[in-house]
Colleague: 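I'd like to ask you about the structure that follows.
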Amino acid sequence: MSNVTTVYQVTGMSCGHCEGAVAGEISGIDGVVSVQAASDTGKVTVTSERPLDESAVRAAVDEAGYELAGQA
């Protein structure tokens, strides 16, 4: 089975530290293979073994101190 890639829009990221905080929290979700966060666009690209529950992604982004605007 192939991995699923989903792009989310996150508001409030402004630097590399922000990217790391968001990526670190999302990486902790079960099934996540990789996370690429870009503060310049606010886009977070998540590759996972299966589609993720958006509420889990929202909780992870909240934990990092940012806001999930939804899928980009």
Side-chain angles (χ1 to χ4, degrees):
M1 186 173 153
S2 61
N3 289 338
V4 178
T5 300
T6 310
V7 180
Y8 297 97
Q9 190 70 41
V10 175
T11 57
M13 292 190 302
S14 60
C15 63
H17 174 77
C18 302
E19 294 169 357
V22 170
E25 289 294 337
I26 293 175
S27 292
I29 299 172
D30 187 47
V32 170
V33 177
S34 70
V35 182
Q36 186 70 40
S39 60
D40 56 338
T41 61
K43 289 183 170 38
V44 179
T45 304
V46 181
T47 302
S48 54
E49 295 169 353
R50 59 193 168 278
L52 297 176
D53 181 349
E54 189 165 308
S55 65
V57 178
R58 185 175 303 280
V61 172
D62 284 349
E63 185 67 32
Y66 304 93
E67 185 178 344
L68 179 68
Q71 291 192 18

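Computed from heavy atoms alone, side chains included, the values below leave out hydrogens, waters and symmetry copies.
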Colleague: Under a 4.5 Å cut-off applied to non-hydrogen side-chain atoms, are Val46 and Val32 in contact?
Modeller: yes

Colleague: Taking the side chain as everything from C-beta on, heavy atoms only, tell me whether Lys43 gets closer than 4.5 Å to Gln9.
Modeller: yes

Colleague: Take atom CD in Gln36; do more than 12 heavy atoms of anything else shown fall under 6.0 Å from it?
Modeller: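 Atom CD in Gln36 is not packed in, count stays at 12 or less.
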
Colleague: With a 4.5 Å cut-off on side-chain heavy atoms, are Glu49 and Val4 touching?
Modeller: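 When only atoms from C-beta onward are counted, Glu49 and Val4 do not touch, as no gap falls below 4.5 Å.
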
Colleague: What pairs with Thr11 under side chain to side chain contact (heavy atoms under 4.5 Å, CB included), at least two apart in sequence or on another chain?
Modeller: Glu67, Ala69

Colleague: Apply side chain to side chain contact (heavy atoms under 4.5 Å, CB included) to Asp62 and list each qualifying residue two or more places apart in sequence or on a separate chain.
Modeller: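 With neighbours one apart ignored, the set is Arg58.
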
Colleague: Between atom CG of Asp40 and atom CE of Met13, what is the distance when rounded to the nearest 0.5 Å?
Modeller: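 CE of Met13 is found 8.5 Å from CG of Asp40.
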
Colleague: Could you check Leu68, Val7, Val35 and say which one makes a side-chain contact (heavy atoms from CB on, under 4.5 Å) with Val44?
Modeller: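 It is Val35, the one option of Leu68, Val7, Val35 that forms the side-chain contact (heavy atoms from CB on, under 4.5 Å) with Val44.
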
Colleague: Could you give the side-chain donor-acceptor pairs of residues 16-31 under 3.5 Å, partners two or more places apart or in another chain?
Modeller:
| residue | atom | partner | partner atom | Å |
| --- | --- | --- | --- | --- |
| Glu19 | OE2 | Ser39 | N | 2.7 |
| Glu19 | OE2 | Ser39 | OG | 2.9 |
| Ser27 | OG | Ala23 | O | 2.7 |
| Asp30 | OD2 | Arg50 | NH2 | 2.9 |

